[in-house]
Participant: 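Pasting a structure here, questions to come.
Quick caveat, the model's predicted, so the values are computed rather than measured. For the single chain, residues carry numbers from 1 onward in sequence order.
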Amino acid sequence: MTFNDLGICDSICKALADEGYTNPTPIQEQSIPILLNGHDLLGSAQTGTGKTAAFAIPILQQLAEDRPQTKGPRKIRALVVTPTRELAIQIAESFDTYGRYTGLSNTVIFGGVKQEAQVKALRRGVDVLIATPGRLLDLMDQGYISLKMLRHFVLDEADRMLDMGFVHDIKKLIAQLPHNRQSLFFSATMPPTIVELSGKILGDPQKVVIKPEQTTAEKVEQSLYFVNKKWKAKLLVHLLESLSYDSVIVFTRTKHGADKVVRSLEKAGIKSAAIHGNKSQNARQKALGDFKDGKIKVLIATDIAARGIDVEQLSLVINFDLPNIPETYVHRIGRTGRAVSSGAALSFCDGEERVYLRDIQRLIRQEIPVVQDHPFPDDEEEEFVVRKPASSGRGGSGYRPKPTNRSGGSRPAGKNRFQRNR
Ligand code: AMP
């Protein structure tokens, strides 16, 4: 199956060829014909499956085929709403890339920055608007955005949108959309609240389900380290020092935890940067830029901040903390198992996180292979040593990690394991 076979026009096929996309991914193969036929779509799929192109390509094609004859500034004919600015920027880049030869234009708006430049771009006129909900409503209220000519509406990452408390914004927005439109609704998970919301947006949608276990969990080489909470930072340093990798994202549950990891790594002489909601937009963009350029190889991220990070060469994900929502685990490891390449994901699990582990393994229907032999195990014997400082002979907590050489050849990944062929 090629993009040509799916009825994609030459100008878009040329742009896809420039990008080195030879074949559509499963979600693209299924969604593109539905969308080109004008149907609404309910997509159960997550980042990493090629979802963005699955909606951007057919929207661009329909916009290109149906250009208005009227003169004057372009009117917004497609709107994509997505929860984070990183995702919004990434989606806009995809529209730029795939629409390179179509002459269609887009702009992206999100909060946390001054609105002037965004208003200017809107005044010039665009075919496609990519937006986060808050700023979108704000600029609509101020009269800078008219959606009268809207023909295509995409709600992306709907479950994340609700998690982030955007439900009222979304409902307010839907009330202002013209009825005669094509609607697309994407969500990684489909709990009842999401199904209910989708009913408010979609007409009679066709459904496409790309299960996470078919896309990410199977493609990514996963391993698990049982480790006492207090030794996680040391284990991380040990792994970062002993493994070879091009780029790694380390996930922590909290912003505070992310900063703590950066400090621990700094002490060990490992350069890293954290991105999370407490950082300014500039600091986040800089950290991301340095990471993409390879100036720093280790990025520490919380889940929300990491949405939308699109790093082609990401070779390794480390879950410093296991997420309490099992789907988040799949999202995280999906950062490395991108549409065309596979990657590796290492997860730390302390005593309190075993319940999360159970839920994750149930969701992915796999047991994650355990690395037994590492210098900071969390077995009962070690716990015992920790509680008996007198027997340790070195004061403090009394913990003495097992010697590194004990791990022999059982390390999950040897040198170069996580390096991509460039
Ligand atoms: P997404 O799920 O939209 O975040 O896409 C994941 C990654 O896959 C992005 O880096 C895209 O550039 C890439 N991608 C999307 N579709 C294709 C394709 N058909 N062939 C190769 N790479 C693709």
Participant: If you measure only the distance, is there a donor-acceptor pair under 3.5 Å linking the side chains of Gln182 and Arg151?
Facilitator: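 The criterion, which ignores hydrogens and geometry beyond distance, is not satisfied for Arg151 and Gln182.
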Participant: May I have the step-by-step check of side chain to side chain contact (heavy atoms under 4.5 Å, CB included) for Phe348 and Lys229, ending in yes or no?
Facilitator: CA-CA 9 Å; Phe348 297 176; Lys229 193 173 190 162; over 6 Å; no
Participant: Check whether any side-chain N or O of Gln62 sits under 3.5 Å from a backbone N or O of Pro58 as a donor-acceptor pair, and report yes or no.
Facilitator: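 Here the side-chain-to-backbone pair exists.
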Participant: For the residue pair Ile296 and Ala287, what are the closest heavy atoms and their distance?
Facilitator: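 Heavy-atom minimum between the residues: CD1-O, 3.9 Å.
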Participant: Would you call Lys200-Glu196 a salt bridge at under 4.0 Å N-O?
Facilitator: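 Between Glu196 and Lys200 there is a salt bridge, with a charged N closer than 4.0 Å to a carboxylate O.
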Participant: Is it true that Asp159 and Thr189 share a donor-acceptor pair across their side chains at a distance under 3.5 Å?
Facilitator: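 Yes, because at least one side-chain N or O of Thr189 sits under 3.5 Å from a partner of the opposite role on Asp159.
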Participant: Does the side chain of Asp350 pick up a donor-acceptor pair with the side chain of Asn228 at under 3.5 Å?
Facilitator: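 Per modelled atom types, Asp350 and Asn228 side chains form no pair under 3.5 Å.
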Participant: Answer yes if the side chains of Ser183 and Arg181 hold a donor-acceptor pair under 3.5 Å, and no otherwise.
Facilitator: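 A donor-acceptor contact under 3.5 Å links the two side chains.
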Participant: At their closest point, which heavy atom of Pro133 faces which heavy atom of Met161, and how far apart are they?
Facilitator: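 Pro133 and Met161 have their closest heavy atoms at CG-SD, 3.8 Å.
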Participant: Could you grab the distance from atom CG of Leu60 to atom CG of Leu104, nearest 0.5 Å is fine?
Facilitator: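 Between atom CG of Leu60 and atom CG of Leu104 there are 6.0 Å.
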Participant: Can you confirm whether the side chains of Gln222 and Gln366 place a donor and an acceptor under 3.5 Å from each other?
Facilitator: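 Their side chains do contain a donor-acceptor pair, which is all the 3.5 Å distance test asks for.
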Participant: Please check if the side chain of Arg85 supplies one atom and the backbone of Gly111 the other of a donor-acceptor pair under 3.5 Å.
Facilitator: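 Present.
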Participant: Check Lys286 with Asp290, please: is the shortest side-chain N to carboxylate O separation under 4.0 Å?
Facilitator: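 Yes, this pair counts.
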Participant: Taking all heavy atoms of Asn4 and all of Asp10, pick out the closest pair and write down the distance.
Facilitator: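 Asn4 and Asp10 have their closest heavy atoms at OD1-OD1, 4.3 Å.
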Participant: Using the side-chain hydrogen bond (donor to acceptor under 3.5 Å, both in side chains) rule, pick out the option among Lys120, Arg135, Gln142 that qualifies with Gln115.
Facilitator: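 Answer to the side-chain hydrogen bond (donor to acceptor under 3.5 Å, both in side chains) test with Gln115 among Lys120, Arg135, Gln142: Gln142.
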Participant: Would you name the heavy atoms of Arg123 and Pro73 that are closest together and state the gap between them?
Facilitator: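 For Arg123 and Pro73, the tightest heavy-atom pair comes out as O-CB, 4.1 Å.
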Participant: Is any side-chain heavy atom of Leu136 less than 4.5 Å from a side-chain heavy atom of Leu79?
Facilitator: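 Answer yes - side chains close enough.
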Participant: Please test Asp141 against Lys172 for side chain to side chain contact (heavy atoms under 4.5 Å, CB included), starting from the C-alpha separation and ending with a verdict.
Facilitator: CA-CA 11 Å; Asp141 287 347; Lys172 217 168 135 189; 4.0 Å; yes
Participant: Report the C-alpha distance between Phe3 and Ile57 in whole Å, list the side-chain angles of each, state the deciding distance to 0.1 Å, and finish with yes or no for side chain to side chain contact (heavy atoms under 4.5 Å, CB included).
Facilitator: CA-CA 10 Å; Phe3 285 102; Ile57 293 170; 3.9 Å; yes
Participant: In a check of side chain to side chain contact (heavy atoms under 4.5 Å, CB included) between Leu239 and each of Val250, Leu316, Leu346, which one passes?
Facilitator: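 With Leu239 as partner, side chain to side chain contact (heavy atoms under 4.5 Å, CB included) holds for just one option, Leu346.
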Participant: Under 4.0 Å between a side-chain nitrogen and a carboxylate oxygen: does that hold for Glu86 and Arg284?
Facilitator: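 Looking at Glu86 and Arg284, the cut-off is met.
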Participant: What's the verdict on salt bridge (charged side-chain N to carboxylate O under 4.0 Å, His left out) for Glu19 and Lys14, showing C-alpha distance, side-chain angles and the deciding distance?
Facilitator: CA-CA 9 Å; Glu19 288 305 294; Lys14 183 165 166 350; over 6 Å; no
Participant: Might you point out which heavy atoms bring Leu173 and Met140 nearest each other, and give the distance in Å?
Facilitator: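 For Leu173 and Met140, the tightest heavy-atom pair comes out as CD1-SD, 3.8 Å.
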Participant: Tell me whether the centres of the aromatic rings in Phe251 and Phe320 are closer together than 6.0 Å.
Facilitator: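 Here the rings of Phe320 and Phe251 have centres that are no less than 6.0 Å from each other.
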Participant: Measure from the ring center of Tyr98 to the ring center of Tyr21 and say whether it is less than 6.0 Å.
Facilitator: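 Yes - the distance between ring centres of Tyr98 and Tyr21 falls below the 6.0 Å cut-off.
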Participant: Measuring from atom CD1 of Ile170 to atom CG of Leu162, what distance do you get when rounded to the nearest 0.5 angstrom?
Facilitator: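 Reported value, rounded in 0.5 Å steps: 8.0 Å.
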Participant: When the ring planes of Trp231 and Phe376 are compared, do they come out parallel, tilted or perpendicular, using 30° and 60° as the limits?
Facilitator: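 Geometry flag for Phe376 against Trp231: parallel rings.
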Participant: Run the side chain to side chain contact (heavy atoms under 4.5 Å, CB included) test on Asp259 and Arg263 for me, step by step, so that the C-alpha distance in whole Å, both residues' side-chain angles and the decisive distance to 0.1 Å come before the verdict.
Facilitator: CA-CA 6 Å; Asp259 289 333; Arg263 288 195 296 272; 3.9 Å; yes
Participant: Say you draw a straight line from CG of Asn106 to CG of Leu129; how long is it, rounded to the nearest 0.5 Å?
Facilitator: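 Reported to 0.5 Å precision, the distance equals 8.5 Å.
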Participant: Any donor and acceptor pair, going by atom type alone, linking the side chain of His374 with main-chain N or O of Phe226 inside 3.5 Å?
Facilitator: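 Side chain of His374 to backbone of Phe226: a pair is present.
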Participant: Looking only at side chains, do Asp18 and Tyr101 share a donor and an acceptor under 3.5 Å apart?
Facilitator: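 Yes, a side-chain donor-acceptor pair sits under 3.5 Å.
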Participant: Answer yes or no for Lys297 and Phe291: cation-pi contact, defined as NZ/CZ to six-membered ring centre under 6.0 Å and angle to ring axis within 45°.
Facilitator: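 No - Lys297 does not lie over the ring of Phe291 by the 6.0 Å and 45° rule.
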Participant: Stepwise, does the salt bridge (charged side-chain N to carboxylate O under 4.0 Å, His left out) test hold for Glu353 with Lys232?
Facilitator: CA-CA 13 Å; Glu353 292 172 319; Lys232 280 185 172 181; 3.0 Å; yes
